> 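Please see the structure below; I have some questions.
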Amino acid sequence: MKRIVIKVGSSTVTHESGLLNLRKIEELAKIISDLSNKGMEIVLVSSGAVAAGMGRMQLQSTPSTLCDKQAVASIGQCELMYIYDKFFSQFGKVVAQMLMTKRVILDDTLRENATRTVETLLSYRTIPIINENDSVATEELVYGDNDTLGAITAQLIKAEMLIVLSDIDGLYDRNPSKHEDAKLIPIVEEVTSEIEAMAEDTSTKVGTGGMITKLAAAKIATEAGCDMVICNGKDLNVIYDVVDNKHVGTLFK
Ligand code: ADP
């Protein structure tokens with residue numbers, strides 16, 4: 001496996017308090033740097049701008065109005081990249097920030113430019129870190145979840161694998177946070193309507209999207225010839241398992 005996209009949800013990079021989980025971010029930086037040293041090309045799609053902004057501004061709760069949220073995201077995106085830069089630098093890696101909107105993806109020229117930029121960054125052996133541009137996007141202009149952005153990124157750069165790190169082990173036959181007897185589905189060959197019926201919206205405080213957006217992402221990725229794995233980000237060593245083709249979480253082929 002050479003080229004992969006790793007998407008980390010808010011639940012992986014933040015604590016329940018809403019503030020950034022620095023230990024997790026440092027571990028993530030170490031593992032990605034290590035895989036990069038092995039010769040892999042890795043793009044990180046990371047949420048966490050609002051969480052970082054809340055920490056920086058010492059806010060106790062998520063801002064409620066759109067303009068407050070966008071302002072806090074703007075402060076937080078800076079903070080988030082500062083922290084990534086600090087941790088990746090520790091391991092000798094250079095990071096690059098790319099902020100995307102739906103408009104960039106839908107416009108041929110902008111999309112081609114963005115793709116070329118990511119390709120160039122990878123050729124420099126840097127680690128591109130992508131997020132949605134929360135400070136300018138409005139409802140019609142956002143995907144609203146980085147699952148879709150992760151899948152689109154994987155499609156654009158023809159990645160072999162998209163790893164979606166979540167707060168759950170994978171796709172279950174029903175929402176495991178509501179049904180104790182839910183069973184993990186190890187492999188999905190096709191995202192059928194039967195599979196889609198298993199997914200519900202998120203029930204976590206920090207996550208956006210839930211399983212529904214992850215299945216939509218799986219469709220985009222697999223249709224582009226990229227496998228996708230949903231696995232639990234609580235132990236980030238799971239990334240090594242995926243890269244070594246060990247079976248973890250739910251694999252979409
Ligand atoms: P993240 O921020 O890590 O991406 P999300 O909260 O967006 O996490 O999505 C994961 C959540 O989706 C799970 O914690 C669970 O509550 C919910 N969910 C709904 N239906 C399912 C399902 N069929 N299988 C697994 N999780 C599900």
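Nothing here was measured: the structure is a model prediction, and the numbers come from that model. Note that the numbering runs from 1 along the sequence shown for the chain. Every number for a ligand or one of its atoms is a count from 1 in the order of the listing.
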> Taking L44 as the starting point, is it possible to reach L99 by hopping between hydrophobic residues whose side chains are less than 4.5 Å apart?
no

> For ligand 1, does P176 get within less than 4.0 Å through its side chain, its backbone, both, or neither, judged by non-hydrogen atoms?
side chain

> Against heavy atoms of S177, which atoms of ligand 1 measure under 4.0 Å?
15 (C), 16 (O)

> Under 4.0 Å, heavy atoms only, figure out whether ligand 1 is touched by the backbone of K178, its side chain, both or neither.
neither

> Hey, are K183 and D173 close enough for a salt bridge, meaning a charged N less than 4.0 Å from a carboxylate O?
no

> Could you tell me if any non-hydrogen atom of T12 lies under 4.0 Å from any atom of ligand 1?
no

> For R3, look at atom CZ and say whether over 12 heavy atoms of other residues, nucleotides or ligands are found less than 6.0 Å away.
yes

> Please determine whether any non-hydrogen atom of G170 lies less than 4.0 Å from an atom of ligand 1.
yes

> Taking atom types as modelled, is there a side-chain donor on N133 or T101 under 3.5 Å from an acceptor on the other?
no

> Closest by any non-hydrogen atom to atom 15 (C) of ligand 1: pick that one out of T250, L165, N175.
N175

> Between S10 and ligand 1, find which residue part has any heavy-atom pair under 4.0 Å and reply side chain, backbone, both or neither.
backbone

> Quick test of your reading of the structure: of D167, N232, D169, whose heavy atom lies closest to atom 10 (C) of ligand 1?
D167

> Name the residue from V43, I105, V118 that meets the side-chain contact (heavy atoms from CB on, under 4.5 Å) definition with L156.
I105

> For ligand 1, note which part of K214 has a heavy atom under 4.0 Å away: side chain, backbone, both or neither.
side chain

> Determine yes or no for a side-chain-to-main-chain donor-acceptor pair under 3.5 angstrom, with S46 supplying the side chain and V8 the backbone.
no

> List every atom of ligand 1 that sits less than 4.0 Å from any heavy atom of K7, numbering the atoms from 1 in the order shown and giving each element.
4 (O)

> Just wondering, more than 12 heavy atoms not from K24 lying within 6.0 Å of its NZ?
yes

